[in-house]
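One structure is given below, encoded as structure tokens.
So that the names make sense, note that chain A is the first sequence line, chain B the second, and so on, each numbered from 1.
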2 protein chains.
Amino acid sequence: MATQPMAAGRPATIHDIAALCGVAASTVSRALANPDRVNIRTRERIQAAAAELNYTPNSQAKALSSGRTGAVGVLVPDITNPFYFDLIRGTQLQLKAAGYTQLLVDTEESDEVEASTLEQLRKSADGVIVAASRLDDEALADAAARMPMVTVNRDVDGVPAVLIDTPSAMPQALDHLISLGHTSVAYVGGPAVSQSSARRWSALSAAAESRGVEVRSLGPFAPKTQSGAAAADAAVHSGVTACIVFNDLIAIGMLQRLRERGLRVPEDMSIVGCDDIFGADFCNPPLTTMSSPIEQAGRVAVSMLLAQLNPLAGGGNRSRSVMPTHLTVRGSTGPAPAK
Amino acid sequence: MATQPMAAGRPATIHDIAALCGVAASTVSRALANPDRVNIRTRERIQAAAAELNYTPNSQAKALSSGRTGAVGVLVPDITNPFYFDLIRGTQLQLKAAGYTQLLVDTEESDEVEASTLEQLRKSADGVIVAASRLDDEALADAAARMPMVTVNRDVDGVPAVLIDTPSAMPQALDHLISLGHTSVAYVGGPAVSQSSARRWSALSAAAESRGVEVRSLGPFAPKTQSGAAAADAAVHSGVTACIVFNDLIAIGMLQRLRERGLRVPEDMSIVGCDDIFGADFCNPPLTTMSSPIEQAGRVAVSMLLAQLNPLAGGGNRSRSVMPTHLTVRGSTGPAPAK
DNA sequence: ACGGCCTTGACAACCGATTGCCATTCGCTG
DNA sequence: CAGCGAATGGCAATCGGTTGTCAAGGCCGT
């Protein structure tokens, strides 16, 4: 039993291994980190001892001495927004595959929380992935200058970004509505500080102009289902027959409110969402929306960040990556009501 | 400009502060951590210097020397399961409030991933919160013996736990169905390794026996909407008129499948879910389900863990906390079909 | 057989903070 | 005025690794 690794005692260190093998601690360190630097026989002895002692490196100590923490921060404005679920899962999987730990932080839709989190992460993480940043361009560029960063759905000069190309699908959505006979459409906007919302609106209004259709902008609205009620009321009041909505959360809230008010979707009003989140396919009616490979976006963001961290591999460090988006037509859009 | 904290240079350390104040680094450390131990005048000088240098302690170094990491691991089987959203948000908020960092890990429904994560976290976190563990009792108890732990929805001797008391709402759900005329009910089970599912089933079958109703068990099924198809088919084939389902994910999947097969809910089949997740209120029809304060469960779990970590405050360390659950009736349950 | 190169492994400084121990100083009491 | 204890702050070890530097030894070629 003496040979059995003591499961209870405190974890083994490289010094324990060194003592067991009769070498210096530094040799153990090298054997494990830089195998070529050490004789194969010694290395094998050390590896065997490490296995026997059930050794795992102390990440704190490693971080302290090497400067690399092996952790990556992932900042999202709201953990409970389903849009981020797939993103988070994507980053988590890719980070784990690369041996990194994910530090997930909910910034509560607040630029201050975001800024202070970034400052703290500067020491405790090797890099960050910032989704839907609420910071202004300057603050974000500053932060990116201090530590490796990749943004998601936020385009700032000099900061590598993964963009979900929802804007480019806007004309598609509009054409879909036009083909159904709609001529009066509203854009239901997201938070005022959301660059995504601004980009979607400008893509939409440009498309509307080239097609000679009237599109008005409503909002801003917070990205929550509860905001859907106000959005729905505003849409009804504005007299449009169709809405393109900043995201599915608001769109689903609108669906509920319209039903409460006795309005039928899509007979009285058509609704198009964005993001194709969990729930968009089983709400009532199922939501026509813009779909994108979100989990993949998370993975790509991690890859881009890791490329920054380890510039060794000759991968051309792309600074922008655009994820394709397409319109998924479900039940929430239909022919415009007869006048 | 010389007085301005250099935003670019590497972060200030206690040594910088010590040099600026003409004291020893250890004094700085004490002034910041243990203010009584140091003269008030010195302390104030040090605090001013710290503020001026924009000092923030290096958490790695602090962890290394003090043994406390200031981080807490949160393990969930599947990040994309909406049930965990609110839980995660609850832990995140409470941890942040207490100055801890949350390490969120998706264990991918795998006991091996869970075990290895726990082993790693043993060094890099002060404690863990484990939701819906897939480990067997012995392994979990072992792990809990090595580091502070609180489980969620998992009851093992000697391990503090927060339990969502869904089992106690089972009789309520059954009575609801009985009052609607159902006499033949199925329980659609979750993963075989899920203790939650087992507890729900035994509560339900006990209630059924005391009421003289036939209840059969179907499954196991993976906790995903996709599993709903198989579950729905099995339920139809079994001839029951109502199902109580392990969780809302499967229940929502069943709703979709039943619709595909041309069966109406609740006219042909009533469905009761569990958890009242995001989406349960807007699916079609809205789901009758068991509701619980999940976010609060997360907060309670954190409180219990912190009580373990800092035994100072005389809070009686409760080892179990049960969150109340109640039936929320929506549109997916209705009168049993006439024979 | 000898000089030089390369491999191998040891030594020690260092990362940034914590903390036990000790020396100094001050104020107070008898 | 001597004596004593509390308050205060410095020194140095320590946490567990990483990494630069260097010495010893083996191998080669000539």
Side-chain angles (χ1 to χ4, degrees), chain A residues 9-47 49-50 53-71 99 101 120-126 310, chain B residues 9-47 49-50 53-71 99 101 119-126:
Chain A
R10 58 147 180 52
T13 73
I14 56 169
H15 296 96
D16 299 329
I17 298 178
L20 190 61
C21 296
V23 300
S26 56
T27 304
V28 177
S29 175
R30 286 208 179 79
L32 265 26
N34 195 353
D36 303 330
R37 187 72 180 68
V38 92
N39 184 305
I40 184 164
R41 289 167 37 79
T42 317
R43 186 202 318 167
E44 279 168 0
R45 246 175 47 230
I46 289 174
Q47 284 168 340
L53 292 178
N54 202 2
Y55 168 79
T56 29
N58 179 316
S59 53
Q60 326 288 344
K62 186 177 289 201
L64 185 57
S65 60
S66 69
R68 277 166 277 109
T69 64
T101 300
Q120 192 204 321
L121 247 28
R122 198 175 148 207
K123 304 220 196 77
S124 52
D126 294 343
N310 316 314
Chain B
R10 60 147 177 50
T13 73
I14 56 170
H15 295 96
D16 299 329
I17 300 178
L20 190 61
C21 295
V23 299
S26 55
T27 305
V28 177
S29 175
R30 285 203 185 83
L32 266 26
N34 195 354
D36 302 331
R37 186 71 178 70
V38 94
N39 185 304
I40 184 165
R41 290 166 37 76
T42 317
R43 185 203 317 168
E44 278 168 1
R45 247 176 45 232
I46 288 174
Q47 284 168 341
L53 291 178
N54 202 2
Y55 168 78
T56 29
N58 179 316
S59 53
Q60 326 288 344
K62 187 178 287 202
L64 184 56
S65 62
S66 70
R68 278 166 277 109
T69 64
T101 300
E119 182 57 31
Q120 191 204 323
L121 248 28
R122 199 174 148 204
K123 303 218 196 81
S124 52
D126 294 342

How does each nucleotide of nucleotides 12-19 of chain C score, in 5' to 3' order, for protein heavy atoms under 4.0 Å: base (B), sugar-phosphate only (S), or none (-)? B--BBBBB
Minimum heavy-atom distance A:L64-B:A61, with the two atoms named: CD1-CB, 3.8 Å
Distance under 4.0 Å to a non-hydrogen atom of chain B counts as contact; along DNA chain D, which nucleotides mark the start and end? D:dT8 to D:dG16
Okay, side chain of B:K123, backbone of A:T56: is any donor-acceptor separation there less than 3.5 Å? yes
Contact check, side chains of B:T13 and B:N58, non-hydrogen atoms, under 4.5 Å: no
Quick one: does any side-chain atom of A:R45 pair with a main-chain N or O of A:C21 as donor and acceptor, under 3.5 Å? yes
On a heavy-atom basis, the closest approach of B:T69 and B:A63 is CA-CB, 3.8 Å
Between atom CD1 in A:I17 and atom C1' in C:dG9, what is the gap in whole Å? 16 Å
Could you pull out the closest heavy-atom pair between B:A49 and B:L20, with the gap in Å? CB-CD2, 3.7 Å
Residue among B:R43, B:Q47, B:E44 satisfying side chain to side chain contact (heavy atoms under 4.5 Å, CB included) with B:P35: B:R43
Is there a side-chain contact between B:Y55 and B:L32 in this structure, where contact means two heavy atoms from C-beta onward sitting under 4.5 Å apart? yes
Using heavy atoms to find the nearest nucleotide of DNA chain D for B:K123 and B:T42 separately, return the residue whose nucleotide is more 5′. B:T42
